[in-house]
4 protein chains.
Amino acid sequence: MKKKFTEKQIHILDIAEELIAQKGFEGTSVRDISAKANINVAMISYYFGSKEKMMVNLYQYRVQKTRETFAEFTQTIKDGKPEMQLKEIINFVTKQLFKFNYFHAFVTQELRHQDRVKDTLLEFYQTFTKVLEDVVQKGIVSGVFKRAAKSEDIVSTIIGTIVFTIRNKNYYEIYLKGNDEDYLANAEKKLKNHLNLCVFSLLGYQI
Amino acid sequence: MKKKFTEKQIHILDIAEELIAQKGFEGTSVRDISAKANINVAMISYYFGSKEKMMVNLYQYRVQKTRETFAEFTQTIKDGKPEMQLKEIINFVTKQLFKFNYFHAFVTQELRHQDRVKDTLLEFYQTFTKVLEDVVQKGIVSGVFKRAAKSEDIVSTIIGTIVFTIRNKNYYEIYLKGNDEDYLANAEKKLKNHLNLCVFSLLGYQI
Amino acid sequence: MKKKFTEKQIHILDIAEELIAQKGFEGTSVRDISAKANINVAMISYYFGSKEKMMVNLYQYRVQKTRETFAEFTQTIKDGKPEMQLKEIINFVTKQLFKFNYFHAFVTQELRHQDRVKDTLLEFYQTFTKVLEDVVQKGIVSGVFKRAAKSEDIVSTIIGTIVFTIRNKNYYEIYLKGNDEDYLANAEKKLKNHLNLCVFSLLGYQI
Amino acid sequence: MKKKFTEKQIHILDIAEELIAQKGFEGTSVRDISAKANINVAMISYYFGSKEKMMVNLYQYRVQKTRETFAEFTQTIKDGKPEMQLKEIINFVTKQLFKFNYFHAFVTQELRHQDRVKDTLLEFYQTFTKVLEDVVQKGIVSGVFKRAAKSEDIVSTIIGTIVFTIRNKNYYEIYLKGNDEDYLANAEKKLKNHLNLCVFSLLGYQI
DNA sequence: CATGAATGAGGGTTCATTCAT
DNA sequence: AATGAATGAACCCTCATTCAT
């Protein structure tokens, strides 16, 4: 059962996501959001019921999209070899997280009492873990991977590492060549290389 | 230049850290803090100037301690072999992050406009990176490490992976054996194993 | 000059009266009314101009009906003896007030700045007073009443006493025999007896 | 157990009572009250917790005082003859209701969900009823009263009639001699006469 | 003729902070 | 040095009403 959002709602959610990622949920007032979105203050309550419910909607909206995108993606790689699949997965996840860095900046920090909401993300992580596990298993069977590392650990490392660089921009950019302005692009590239090396060598792949 | 804190200030900071880690900076009122610390509401402003300045102090207080602890730690391993040093570093960092998971739960999410404050953490990360780099370099020279991975990437992976498991308790615990209550202990152990494998194989160490 | 209301308007007014009697004018939102009346929120403004004007209309609607009913009633007793007329008046007023207790629950409490509206009620009270005065006068002349009590005082006592029991249900029901469910019926009966005794003895009627 | 109020609280309650009597509870904003009381808007929440709790306090404050005053009063008449006692009671109640007409203007109309609060008033009415019953009984025994009217009916008539004239000032003043300005004084006097006549004749007292 | 999306005003409450003591 | 009473700003939300359709 997929929830539908109107254009205006999506507009509000996009603005809200950006601000909340920057200043936190409590640090972002509905006035901030409505001002930036050029709408009336009352609209947030009008459209979503309350600020908190808007947050739930935002969460569901983004996670829902993420899951869909991921599901489509898995289709595109389903016939490849494990090593190719793994490479594509790392590439995909990195790209997505960098693209929606807003979202993942707040996804793990807010909604403390909204356990139901957190479950939505949990489910996605589990799906991701399962996909990864199949790839690893297949690689082990075919002999390209020598070490059957646990996929939940790989997931933690992949997502954890990416989120760390996104959130610690001022740290990671020190070690980047190139100008500041395309930090994200450069960081993404560097990171992708690192993660590939990291995961493949973890699995005992002969590089 | 080391800042000194009075006993009362430290008392307040400890309480504040706990509450802020749980409910966020904006989600924690000075009344919450003063109530739990059994002090007057006015004391936060009185001692620190403002709530925000208190946060800066809290930040500095904790990072300062972390740096001191890390400095002491590096002394204890300075004479070991690189592979031993690396193992100890992973062990130390994991232990520290799990021990002060409070702190690291809020360290990256709050104080968004406080760039001076972020610099404090940045410096620590740089120190950490430098230490790691020396170890890697030494290992390359001595031949135990075959691949000179970038230490900033290793830092990102180590810290990123740990923080991810701390913040996504509900995900990671699914894959843990043992009862729920010592999640942190179990997670720490599992994670340590994973990180060792991960970093060592990344460096081309023959396990 | 009699104002006409459309069926839809009357529908709205009936719902509004009920809600306002329960929750007060300010306590009743146009959304409450429109929801219960199964109409659009905008309809109240659309039909009556504003919520306040709707209230004026409601008031006029009910007082107008009350006056008409009272006028009809006076016709039915115009040929009786004074003592019979008085008895009938007490009976009628009690019955009406109990029947439309909704209305009289809010009639004296709302519309504070709407003096024009209050005048509508005032006129009715004056009419009532005049009718009563004629009855008393006739009774004095015929000798059945020995004391020419002021009719405005009698009005105050009749209406005041009735309204008191309606609004202090929890008090008056303590002294009532019978079950709780037909409080109004029992209270009305008890009250009617009391008022008859009260007014007749006030007028010096030999019971 | 008697609740104490500070001077500032009483100040607020007095202002609030006046405004609420005029415009109703929901019609009176905390900003109205704070403006008229020359205090900060936040003070109502600060002193009472919320607007609604302020109302509960106001209610208790006034009813409490009323009960105390009534208790003192009953002491002063305890040795008189029944007819004197009855006269004094009517005099006292009339005077009190006119004096605190603010209070009794809102006492029966607000606090719809506050049943506990209504009980406070109920108790007072019951006390009043009991006192009256003793007087009537004593008069019956001594032979000055010939008819044992129910005291709850007498209470309804006394209070109902008074409240009616207070709330329908524009009606009752038509029948008053004298200028408008001392309406209350004149009305009180006229009403007292009427009530005496009314109650005494009801009890069959030979005037 | 009737609607529902959208608005601005104002609602009560909570907040961090100040200041007289 | 420390307090608690008091403040004004800002919070989220609900309101009656408007207006394009």
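Given the structure is predicted, the values throughout are model-derived calculations rather than measurements. The sequence lines fix the lettering, A, B, ..., with proteins before strands; numbering per chain opens at 1.
- Base contact: A/S45 has a heavy atom under 4.0 Å from a base atom.
- Taking atom CG of B/N38 as the reference point, atom P of F/dA2 lies 15 Å away to the nearest angstrom.
- For C/E26 and E/dA9, the CD to P distance is 19 Å, given to the nearest whole Å.
- Remark: B/K8 is not in phosphate contact with F/dA1, judged by side-chain N or O atoms under 4.0 Å from OP1 or OP2.
- Contact annotation: D/Y46 side-chain N/O to F/dT7 OP1/OP2 distance is not under 4.0 Å.
- Contact check, B/Y47 against F/dA2: a side-chain N or O comes under 4.0 Å of OP1 or OP2.
- To the nearest angstrom, C1' of E/dG11 lies 11 Å from CG of D/D32.
- Summary of the strand contacts: D/R31 and A/G49 both lie near DNA chain F, and taking for each the nucleotide with the nearest heavy atom, the more 5' one is attributed to D/R31.
- Whole-Å rounding puts the B/I33 CD1 to E/dT14 P distance at 18 Å.
- Residue B/A42 is the one, among B/A42 and A/A42, whose nearest nucleotide of DNA chain F lies closer to the 5' end (criterion: closest heavy atom).
- Put simply, CG on C/L19 is 12 Å from P on F/dA16, counting in whole angstrom units.
- A distance-only check finds no donor-acceptor pair linking the side chain of A/D14 to the backbone of A/H11 [under 3.5 Å].
- Using a 4.0 Å heavy-atom criterion, one finds that A/F48 contacts no nucleic acid atom at all.
- Phosphate contact (OP1/OP2 of F/dG8, side-chain N/O of D/N40, threshold under 4.0 Å): present.
- Residue D/T28 is in sugar-phosphate contact alone, with no base atom involved, counting any heavy-atom pair closer than 4.0 Å across all strands shown.
- To the nearest angstrom, P of E/dG11 lies 12 Å from CD1 of D/I44.
- Following rounding to the nearest Å, D/M43 (CE) and F/dA6 (P) show an atom-to-atom distance of 5 Å.
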